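Keep in mind it's a predicted model, so treat the numbers as computed, not measured.
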Amino acid sequence: MSQSTEHREFQAEVRQLLDIVIHSLYTDKEIFVRELVSNASDSLDKLKHIQLTQPEVHQGHLPLEIHITTNEEERTLSIADHGVGLTHDELVQNLGTIAHSGSKTFVEALKQAGKDGANTTQLIGQFGVGFYSAFMVASEVDVYTRSCQPEGSSYVWTSDGKTGYTIDESADLPRGARIVLHLNEADAEFAKPERIKQILAKYSNFVGYPIFLNAERVNTVEALWLKNKADVSQEEYNAFYKFTAHAFGDPTYTLHFNLEGNRVIKALLFAPGENMELWGMGQMKPGVSLYCKKVLIDPEPPKLLPEWMRFVRGVIDCEDIPLNISRESMQDSALVRTIGETVTKRFLKFLDQEATDNGEKYNEFYAKFARFIKEGVATDHDHREAVAKLLRFESSMTEPGKLTSLAEYVSRAKEEQKTIYYQVAPSRSTIESGPYLEAFKARGLEVIYLYEQIDDYVISSLREFNGKALKSVNSDQLDLPDGPPAEGEALSEESTNGLVSWLKEKLGDKIVEARSSQRLISSPAAALLPENEPTAQMRHMMRALKQDTGLDQPRVILELNPRSELIKSLAVKKDTDSETATLIAEHLLDTTLLSAGLIEDPQILATRSQKLLELLAAKL
Ligand code: ADP
């Protein structure tokens with residue numbers, strides 16, 4: 001080492017990551033080749049783009065190729081490109097730290113996945129850690145590099161992948177980067193040309209630049225998305241998906257299409273097999289790259305497709321995009337908007353068709369990706385109804401675990417039914433044992449079951465589907481048709497009125513009003529939500545966002561079942577033992593709030609239950 005050797009430590013997250021990469025990833029070691037070749041290819045893409053906008057790059061004549069060299073005797077493997085290379089600062093920034101802002105979360109998730117015995121390799125490469133995979137097989141990695149910027153020098157970066165690295169100035173190097181791996185004894189296979197050739201065979205045809213292995217050309221550059229659909233096999237699609245998405249498994253869906261309208265748009269899109277956001281990894285970046293006639297314009301264009309479609313991977317190629325368009329102006333470009341719009345519509349139609357043709361497969365996909373669909377309904381104003389078609393849920397007419405759609409709900413509904421009913425509650429049993437469902441069952445009306453807090457928000461953004469309004473079963477604004485004639489003797493109208501005004505007096509501000517119910521069949525009472533009162537789920541969200549200042553105890557409409565024995569007894573008790581009757585009335589209200597998910601302080605229920613039990617025990 002020369003005197004000017006600079007020693008630096010890796011950022012803590014990189015050290016953790018390396019520790020995991022080196023010690024926990026034994027399977028699929030060969031992916032490091034893909035990661036390094038893909039870095040070389042990215043670097044060539046960047047160079048091509050710079051050449052379009054900047055008059056001069058260093059050594060502009062060098063060919064855009066990737067050269068791989070093996071040396072069995074020295075047990076080394078090198079991967080070289082004439083791409084953008086790295087400046088001194090870029091070496092420190094890009095190879096000493098993890099650029100991704102969620103790096104900490106990533107390392108945590110990786111550790112957790114390791115503990116759970118999950119397939120940790122799935123995570124590598126998804127979050128900008130590809131380069132470090134070299135340390136799975138190498139005890140030392142050297143990066144010889146010269147940046148494409150006209151000013152600058154050549155450097156050698158060296159590390160054993162443990163605590164830190166060194167940077168030395170070097171004699172003049174050609175533009176680009178050459179990564180040299182000094183392989184572990186156990187990983188000597190990766191210095192064998194046949195082994196590398198076999199690995200490259202899997203994906204090298206998707207790399208947009210010529211690849212040479214020991215000076216022999218190994219790939220034919222082909223843009224799969226420009227080919228005719230009939231000429232591509234599913235195996236080729238899968239291999240391409242794995243290469244572009246850095247994925248391990250196969251995609252769930254593949255959509256390849258050509259649109260020849262005003263614009264020629266060719267697209268190859270994939271819905272992945274796994275949802276990485278479920279791994280606690282933070283938000284994915286958009287994963288559909290934009291090309292113009294095979295030239296990469298932007299690997300992750302931020303506003304090409306709607307935000308909720310960020311899980312989709314693949315390529316869109318449009319001949320009409322100006323090659324030197326800048327990222328900023330691209331976002332505002334009407335052309336890019338048209339492309340995004342066209343592709344989004346096509347993708348939505350495709351998913352809807354897939355869901356119809358093979359419901360079981362779609363439901364499996366939905367189990368993993370429902371969050372994105374829901375986000376789409378809530379946020380994508382332009383495609384709301386089309387995305388809503390993709391929603392799935394259980395209902396009062398499905399068996400547990402079986403899913404249905406809004407369109408199916410509508411097809412089952414009677415023509416005169418103007419409303420789609422739903423209830424948001426933690427589980428099927430909560431809904432089916434609560435007081436709301438009975439009115440709908442008795443009238444043969446289907447109720448959608450929604451189990452997640454965000455569903456309430458999603459459904460209220462949707463508002464209606466196929467011209468039918470979506471309303472919660474606990475809304476007081478429902479115009480329910482007449483039910484079947486009620487059984488059993490009801491409290492007289494006079495006694496009911498007496499009870500209602502007594503309740504209003506005793507419960508005071510806690511209720512908006514008390515009234516006799518047309519809906520209840522076996523439950524004694526239920527809480528209905530007046531029009532502008534925040535729902536249980538909204539309250540939950542406001543609290544989570546700390547916007548709950550001024551959030552009062554909810555004020556509900558208390559509906560009473562005049563046929564219920566409890567209500568009939570209460571009507572008598574209020575005149576004979578007002579104190580006990582008040583206790584019962586308060587408790588009844590709180591249990592209806594509990595069923596509505598609106599109870600603010602459950603302890604009140606416990607305390608009062610004890611008092612009531614005391615009274616009961618005294619009577620036994
Ligand atoms: P990712 O490629 O996902 O960003 P990596 O860990 O593979 O993450 O690489 C980190 C960074 O190092 C890259 O973003 C890039 O800036 C730089 N880099 C890696 N390989 C090369 C290369 N062959 N030429 C130039 N820069 C490179």
* Step-by-step side-chain contact (heavy atoms from CB on, under 4.5 Å) determination, I265 to R346 -> CA-CA 11 Å; I265 298 172; R346 186 70 180 69; over 6 Å; no
* Any chance you could lay out the side-chain contact (heavy atoms from CB on, under 4.5 Å) test for I66 and S41, step after step, and finish with the verdict? => CA-CA 8 Å; I66 299 169; S41 161; 4.3 Å; yes
* To do: In sequence, state the C-alpha distance, the side-chain angles, and the governing distance for E354 and N358, and then conclude on side-chain hydrogen bond (donor to acceptor under 3.5 Å, both in side chains).
  => CA-CA 6 Å; E354 286 288 329; N358 187 348; over 6 Å; no
* Could you give me the CA-CA distance, side-chain angles and deciding distance for Y155 and S147, then say whether side-chain contact (heavy atoms from CB on, under 4.5 Å) is met? => CA-CA 9 Å; Y155 298 96; S147 161; over 6 Å; no
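Using a 4.0 Å cut-off between a side-chain N of Lys or Arg and a carboxylate O of Asp or Glu, K368 and E274 qualify as a salt bridge. Between D172 and R146 there is no salt bridge, since no side-chain nitrogen of the basic residue lies less than 4.0 Å from a carboxylate oxygen of the acidic one. For E189 and R195, the salt-bridge test passes: some basic side-chain N is under 4.0 Å from an acidic carboxylate O. Ion pairing between a basic and an acidic side chain is recognised when a charged N comes within 4.0 Å of a carboxylate O; K162 and D19 show no such pairing.
Ring planes of F212 and H67: parallel class, angle under 30° (limits at 30 and 60°). Using bins of under 30°, 30° to 60° and over 60° for the plane-to-plane angle, the ring pair Y291/W225 lands in the tilted bin.
Proximity of a side-chain donor or acceptor of N71 to a complementary backbone N or O of A191 within less than 3.5 Å is not detected. Remark: side-chain polar atoms of N205 are paired, donor with acceptor, to backbone N or O of T220 under 3.5 angstrom. Remark: the backbone N or O of E222 is not paired with any side-chain donor or acceptor of K294 at under 3.5 angstrom. In terms of modelled atom types and a separation under 3.5 Å, the side chain of S405 and the main chain of K389 share no donor-acceptor contact. No side-chain donor-acceptor contact under 3.5 Å links N228 to the backbone of D231. Of the possible donor and acceptor atoms, one in the side chain of D298 sits under 3.5 Å from a partner among the backbone N and O of E300.
Taken to the nearest 0.5 Å, the CG atom of L18 stands 7.0 Å off from the OH atom of Y132. In this structure, CZ on R313 lies 5.5 Å from CE on M284, to the nearest 0.5 angstrom. Distance check: F350 CZ to L269 CG gives 8.5 Å after rounding to the nearest 0.5 Å. Here the straight-line distance linking atom OG of S170 with atom OH of Y144 works out to 8.0 Å at 0.5 Å rounding. The line from CG of L91 to CD1 of I167 is 5.0 Å long, rounded to the nearest 0.5 Å. Taken from CG in L305 to CD in E341, the straight-line distance is 10.5 Å, to the nearest 0.5 Å.
The two atoms that bring T145 and G176 nearest to each other are OG1-O, 2.8 Å, heavy atoms only. Scanning both residues, L36 and A134, for their nearest heavy atoms gives CD1-CB, 4.3 Å. Here the shortest heavy-atom pairing between S43 and G83 reads OG-CA, 3.3 Å. Residues L47 and C148 come closest through the heavy atom pair CD1-CB, 3.6 Å. Looking at every heavy atom in both residues, K293 comes nearest to E319 through CG-CG, 3.8 Å. For L348 against A386, the heavy-atom pair with the smallest separation is CD1-CB, 3.9 Å.
Under the 6.0 Å cut-off for aromatic ring centres, F270 and Y253 do not qualify, their centroids lying 6.0 Å or more apart. Aromatic rings from W157 and F131 are positioned such that their centres are separated by under 6.0 Å. A centroid separation of less than 6.0 Å is found between the aromatic rings of F190 and F32.
For the residue pair E6 and H88, a side-chain donor N or O sits within less than 3.5 Å of a side-chain acceptor on the partner. Of the N and O atoms on the side chains of D142 and H182, at least one donor lies less than 3.5 Å from an acceptor on the other residue. Using a 3.5 Å distance cut-off with no hydrogens or angles, the side chains of T70 and N214 do pair a donor with an acceptor. For the residue pair E35/H246, the side-chain donor-acceptor check at 3.5 Å is satisfied. Side-chain atoms of D45 and Y209 include a donor-acceptor pair closer than 3.5 Å. A donor-acceptor contact under 3.5 angstrom links the side chains of E13 and Q11, judged on distance only.
Under the rule for a side-chain hydrogen bond (donor to acceptor under 3.5 Å, both in side chains), the partners of T254 that lie at least two apart in sequence or sit in another chain are Q234.
Residue pairs that meet the salt bridge (charged side-chain N to carboxylate O under 4.0 Å, His left out) test with at least one member in residues 66-94, sequence neighbours left out, are E72-K192.
Geometrically, R34 does not engage F243 in a cation-pi contact, judged by NZ or CZ lying under 6.0 Å from the ring centre and within 45° of the ring axis.
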